[in-house]
Peer 1: 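First the structure, which I've put down as structure tokens, then a few questions once you've had a look.
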Amino acid sequence: MSKILYVVVPCYNEEEVLELTTQKLTEKLTKMIDDKIIDEESKIMYVNDGSKDKTWEMITKYNKENEFVTGVCLSRNRGHQNALLAGLMTAKEHADIVISMDADLQDDIDAMDRFIEEYDKGCDIVYGVRSSREKDTFFKKNTALAFYKMMNMLGAEVVYNHADYRLMSKRALNELENYKEVNLFLRGIIPLIGFKTSKVEYVRAERAAGESKYPLKKMINFALEGILSFSVKPIRIITSTGFGISALSFIYLIYVIISHIIAQNAQPGWTTIIALICLFGGFQILCIGIIGEYIGKIYNETKQRPRFIIDKVLLKENENEKANNSVL
Ligand code: UDP
Ligand code: MG
């Protein structure tokens, strides 16, 4: 059975790499169509995430020249996860299966064949998993490992060494649409969908051109998003710690009173008191901060603002330049 594949690629300031990516993906899709693995209606769908460079101009140009290229233009920069979701939700209207990947060719394009083999075996979601992190810096390797370990410890089910290179069937995407959260962390949400899943290993290359669009600050935000959106355990840890400290303090207080009555020796102990006040003061501020983070999330969720706004969609099916303002 022939199936239509859409490859969704979020792009933020990717003018340096887009030409090469388009060339590689075009070759790959052509080959897969020739091999009758996918339908000839299969496409590449670039999502322009409010780029400030020529990314959208290039996508528009490729759309005219290259039969495979389609594009979605967001009204402004919304971040990788939202851009990806915008692409997935647009692509699922036209495709049977969607593969998401980064624009920088770090994800091995040739793994797509294996993704589709798994789909043919009945999987609705196939995760691309890095076989090694040799190419990563020492810092990135270890922070990533710590992040996965912490996420799993906190009870969120994230697939180890999986970024956003994955295949999803139309059915899985329709289910994904029902997850309405604004604090989007797709790697945590997608395992919640269920269905039959599988993993495909691939070697992650270095960025083909341009610089990473994920500086440390964005990475920290992303990790926090993951932890806070998927686990209330930090709050529970705070509650139990608070309870433990109160109990110990109470016992200590009784001890002090009794020793005072029995021994009649009141110690000045000023330094200890100040040290303890500072310690607990800091601890309390930290706890309030963590609770505040959750309240902030609730605040964002209750506003129910759209996660992305699509400015333009460039398709092929004779309805090109269909400018719409669909809001999701
Ligand atoms: N990206 C995006 N919006 C952003 C930041 C990044 O759409 O605000 C895209 C970017 O164009 C790329 C993907 O997300 O296709 C992953 O970014 P990058 O390769 O820079 O991250 P890294 O691989 O360094 O973690
Ligand atoms: Mg990258």
Side-chain angles (χ1 to χ4, degrees), residues 6-25 44-59 62 69-91 98-109 111-112 128-130 132-148 158-166 182-187 202-226 307-312:
Y6 268 52
V7 182
V8 170
V9 187
C11 308
Y12 176 60
N13 294 345
E14 297 286 8
E15 62 180 10
E16 281 157 279
V17 79
L18 216 55
E19 186 171 351
L20 185 64
T21 309
T22 309
Q23 184 202 330
K24 296 268 182 216
L25 280 173
I44 305 163
M45 180 168 268
Y46 288 124
V47 185
N48 174 37
D49 184 20
S51 301
K52 294 183 181 67
D53 63 1
K54 295 222 161 47
T55 302
W56 182 245
E57 280 84 345
M58 289 171 80
I59 296 170
Y62 298 146
V69 177
T70 65
V72 173
C73 185
L74 298 193
S75 62
R76 51 162 295 171
N77 180 255
R78 292 293 293 123
H80 175 218
Q81 298 287 292
N82 290 305
L84 184 54
L85 184 72
L88 294 176
M89 290 303 124
T90 313
V98 178
I99 294 180
S100 52
M101 64 185 294
D102 290 352
D104 54 11
L105 296 175
Q106 281 192 286
D107 305 320
D108 174 19
I109 291 185
M112 289 208 276
V129 175
R130 287 183 190 204
S132 81
R133 278 187 172 263
E134 269 165 32
K135 296 256 162 54
D136 273 2
T137 59
F138 177 80
F139 178 75
K140 189 145 188 175
K141 213 184 306 186
N142 285 292
T143 46
L145 183 69
F147 174 67
Y148 286 113
V158 279
V159 179
Y160 183 57
N161 265 349
H162 159 70
D164 282 297
Y165 188 27
R166 74 175 85 78
V182 179
N183 299 296
L184 201 57
F185 184 71
L186 290 171
R187 279 173 229 183
Y202 71 99
V203 180
R204 193 161 155 104
E206 278 176 58
R207 187 173 245 284
E211 279 169 11
S212 171
K213 310 295 180 286
Y214 258 104
L216 185 64
K217 192 172 152 224
K218 267 196 190 173
M219 248 165 62
I220 294 174
N221 279 343
F222 187 58
L224 268 181
E225 192 79 69
R307 293 176 288 186
F308 53 82
I309 296 175
I310 293 174
D311 180 18
K312 289 189 199 84

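Atoms within a ligand are numbered from 1 in the order they appear, just like the ligands themselves.
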Peer 1: Just wondering, do Leu84 and Val47 contact through their side chains at under 4.5 Å, heavy atoms?
Peer 2: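 Side chain of Val47 against side chain of Leu84, heavy atoms only: no contact under 4.5 Å found.
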Peer 1: Taking 2.8 Å as the cut-off, does an N/O/S atom of Ser212 lie below it from the Mg ion (ligand 2)?
Peer 2: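 Coordinating: no.
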Peer 1: Looking just at side-chain N and O atoms, do Glu211 and Asn13 make a donor-acceptor pair shorter than 3.5 Å?
Peer 2: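 Checked: Glu211/Asn13 side chains show no N/O donor-acceptor pair below 3.5 Å.
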Peer 1: List by chain and number: which residues place a heavy atom under 4.0 Å from ligand 1?
Peer 2: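 Protein residues near ligand 1 are Pro10, Cys11, Tyr12, Glu14, Asp49, Asn77, Gly79, His80, Asp102, Ala103, Asp104, Gln106, Lys140, Arg204, Arg207, Ser212, Lys213, Tyr214, Lys218.
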Peer 1: Is Asp102 close enough to the Mg ion (ligand 2) that one of its N, O or S atoms comes in under 2.8 Å?
Peer 2: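 So Asp102 does not bind the Mg ion (ligand 2) by this criterion.
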Peer 1: Side chains of Val8 and Ile99: does their closest heavy-atom pair fall under 4.5 Å?
Peer 2: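 No; the side chains remain at least 4.5 Å from each other.
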Peer 1: Measure from the Mg ion (ligand 2) to every N/O/S atom of Asp104 and report the name of the nearest one.
Peer 2: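 The closest N, O or S atom of Asp104 to the Mg ion (ligand 2) is OD2.
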Peer 1: Do the non-hydrogen side-chain atoms of Leu105 and Thr21 ever get within less than 4.5 Å of each other?
Peer 2: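 Yes - at least one pair of side-chain heavy atoms lies under 4.5 Å apart.
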Peer 1: Partners of Tyr202 by ring-ring contact (aromatic ring centres under 6.0 Å, His included), sequence neighbours excluded?
Peer 2: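 Checked Tyr202 against ring-ring contact (aromatic ring centres under 6.0 Å, His included); matches are Tyr165.
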Peer 1: Take atom CD of Glu57 as the centre, draw a 6.0 Å sphere, and report whether it contains more than 12 heavy atoms from other residues, nucleotides or ligands.
Peer 2: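 Enclosed: over 12 neighbouring heavy atoms sit under 6.0 Å from CD of Glu57.
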Peer 1: For side chain to side chain donor-acceptor pair (under 3.5 Å), just list the numbers for Thr22 and Tyr46, CA-CA rounded to whole Å, side-chain angles, deciding distance to a tenth of an Å, and then say yes or no.
Peer 2: CA-CA 10 Å; Thr22 309; Tyr46 288 124; 2.8 Å; yes
